[in-house]
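The sequence lines fix the lettering, A, B, ..., with proteins before strands; numbering per chain opens at 1.
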Amino acid sequence: MGIIEAILLTVVTAATPLVLAAIGELVTERAGVLNLGVEGMMIMGAVLAFAATQATGSPYVGILAGIGGGALFSLLFGFLTLTLVANQVATGLALTILGLGISGQIGEAYVGMSGTKLPPIAIPGLSEIPYLGPLLFKQDLIFYISIALVIGVNWFLFRSRAGLKIRAIGDNHASAHALGIGVIRTRYLAVLFGGACAGLAGAQLSLVYTPQWVENMSAGRGWIALALVVFASWRPWRVLAGGYLFGAVSISQLHAQALGLGIPSQFLSALPYIATVVVLVLISHNRRMTLINTPASLGKPFVPDR
Amino acid sequence: MRIELEKRPQASVLYAVLSPFIALVLTVIAGGIMFWLLGKDPVSALYSFFVEPLLDVWSLHEIAIKAAPLILIGVGLSICYRSNNWNIGAEGQFIMGAIAGSIVPVVFHEWHSPLVLPLMLIFGMVGGALYAAIPAFLKANLNTNEILSSLMLVYVAQFFLDWIVRGPWRSPEGYNFPVTRNFTPEAILPEILDSGRTNLGFVFAIVAALLIWFMMRYTLKGFEITVLGQSERAGRFAGFSSRRMIWFSMLLSGALAGLAGISEVSGNINKLQPIISPGYGFTAIIVAFLGRLNPLGIIAAGLFLALTYVGGEAVQLTLTVSDKVTRVFQGLLLFFVLSCDTLILYKIRLVFPGRTAAVGQGAVQGAVQGGAE
């Protein structure tokens, strides 16, 4: 395997958690709910996936634990914002703060332990293709799921009846409610989906990216995923493209550090975060386009009248 | 069972006062459960977490020291949140304020003058405000979401601080530790009481809270903040500019966070080091909400959250649980505060499916009878 392939492989690994968390949040936001707790759900997924893998020895159980943990944690957000109509921004922040706290508490026992890496699965035939094969068809399960999710969500949102309902709720919850669509119920499902995806993204961090538990190991990726949704103007394919772009930025930053270009390492480490801001600016400076793309009910509370 | 909300005709004054206290009680109960899950005796754990620090002069001073930055940042954030500007990057503004304020004592360490301290404080405020000006500019002129931009800048500030204390500002007398030189005595905020370490930063916090309280209550600016926050459209008709409000609220909260940063470094740490804050900028968000975005409430909330820091350190020693319990407590507290705030605007009803039908029928019968009469 050449050096280029090795680098591309690390880009894929760095991009997968971003794509996963962003695609989940995209569905949540399409339903009109702004869940800023992605970082918290992600880190919960990471610690639970690691703990379950340590307990059972199987990283696949770990994946399930990560998904379940993220989903359960998002339910807390759903209960507060959907049932109790609490402020979505503040509740999302609360989710992140709580997630960082609880994961640190649970993870205390696992600090410094070496983990089990999720094994790659080679797809017979396809993985033999030169260059592309090892990159795309000799990956771990979570990578395949991430690609499948992007395709699936794209189909679901724009080609299925349920997807149409979700978009209707996100754009005008009052009208959707008047049409008899269960706004709150649908939003709960969308929030749960977002939580499950964020949990899976966390599982990828502690089972694939760096198979161990480090406190705060999500390191702002949940927030970058949120920016990614804006960058993608709420379209699944662009999430995939954006995820890989950000993955490439964070990896090139690591390689630049290894090369020792004389630039202080801290400046290079800050690069992905600065890139996020720059990209956000580029994508949202056009007020009209932003207005057209953003789900119109995003972040607005809804209390059904009876 | 289903939970239904019924909007109150007007906001409940009773619950507006009660809700933070209900939230506190629920947090303490949840905290007890958490200690029990960790295999500790919940009563004695809660006692050493919440009560013991209050019985000791030393720890009372520690609470005041930790409350100062929380209150300073919290009152600034309350202005932002009231006017719908979601600055969540106060941690970064705190760090940048600390760095800017340290220019005088680190770079010009041979300059001795009573002007050192005032200059440091001004630099600190300017540094924090300038750093908050980035998301403000991006929001006001380029329509960029301030939540994400201000948060991303926190990471950038942390890396910047790390670089500056390991690189250009590393102390030549620091045995290669990543710290700047110790501040000279005239660069250190004086202590205000003979009994302990509480410094002038606490006074700044109280004064800032009182000034902001006065502004919100008695000045046109305060009214402008409230109106623009509740309805931007109504504010526009009144001739208020939401764009100017972005600048005002972000610069003000940035300056206060910067002041908190330099006060912490000058009064408490006495030098710069890679980590200067145990997450004050984020905890202050909780303080702002627990204080119901009211500066006087924020003083009380800041003291309480400072207690969770000190209590967390206490149980870490006595019960050998990790300091993470503090963050869990703080997260739980914000959750309970936000859910209890629902009680102010809504009545919460538990609806049981069996009984709803009966109630529904009764209502229909009543309507029919009413119509017949």
Interface moiety of A/Thr91 toward chain B, non-hydrogen atoms closer than 4.5 Å: both
Chain B interface, residue from A/Ser265, A/Gly220, A/Gly40 that has the most non-hydrogen pairs under 4.5 Å: A/Gly220
Per-residue contact mode, B/Leu38 against chain A (heavy atom under 4.5 angstrom): side chain
Working for side chain to side chain contact (heavy atoms under 4.5 Å, CB included), residues B/Leu148 and A/Thr276: CA-CA 9 Å; B/Leu148 294 170; A/Thr276 308; 5.9 Å; no
Contacting region of B/Asp162 [heavy-atom separation from chain A under 4.5 Å]: both
Which portion of B/Ile88 sits near chain A, non-hydrogen atoms under 4.5 angstrom: side chain
Separation of A/Leu98 CG from B/Phe335 CZ (nearest 0.5 Å): 5.5 Å
Structural part of B/Ile134 lying under 4.5 Å from a heavy atom of chain A: neither
Among B/Leu142, B/Asn145, B/Asn143, side chain to side chain contact (heavy atoms under 4.5 Å, CB included) partner for A/Val281: B/Leu142
Contact residues of residues 149-156 of chain B (partner chain A; heavy-atom separation under 4.5 angstrom): B/Ser149, B/Leu151, B/Met152, B/Tyr155, B/Val156
Option in B/Phe160, B/Tyr346, B/Tyr81 with maximal non-hydrogen atom pairs under 4.5 Å from chain A: B/Tyr346
Rounded distance (nearest 0.5 Å) linking atom OG of A/Ser284 with atom NZ of B/Lys139: 12.0 Å
Reported CG-to-CG distance for the pair A/Leu84 and B/Leu338, which is rounded to 0.5 angstrom: 10.0 Å
Interatomic distance, A/Ile97 atom CD1 to B/Leu334 atom CG [nearest 0.5 angstrom]: 5.5 Å
Largest heavy-atom contact set with chain B, pairs under 4.5 Å, which of A/Ala227, A/Ala90, A/Ala86: A/Ala90
Atom group of A/Gln105 that falls short of 4.5 Å from chain B, counting heavy atoms: both
Separation of A/Leu36 CG from B/Ile147 CD1 (nearest 0.5 Å): 5.0 Å
Closest-packed option against chain A by number of heavy-atom pairs under 4.5 Å, given B/Trp163, B/Phe282, B/Phe329: B/Trp163
Side chain to side chain contact (heavy atoms under 4.5 Å, CB included) assessment of B/Trp86 paired with A/Asn87: CA-CA 12 Å; B/Trp86 292 94; A/Asn87 182 311; 3.4 Å; yes
Nearest atoms (heavy-atom pairs only) where B/Arg166 meets A/Gln266: CD-NE2, 3.8 Å
Contact origin within A/Ile224 toward chain B - heavy atom pairs under 4.5 Å: both
Toward chain B, the part of A/Ile283 with a non-hydrogen atom under 4.5 Å: neither
Interchain contact, A/Leu80 with chain B, by part (heavy-atom threshold 4.5 Å): side chain
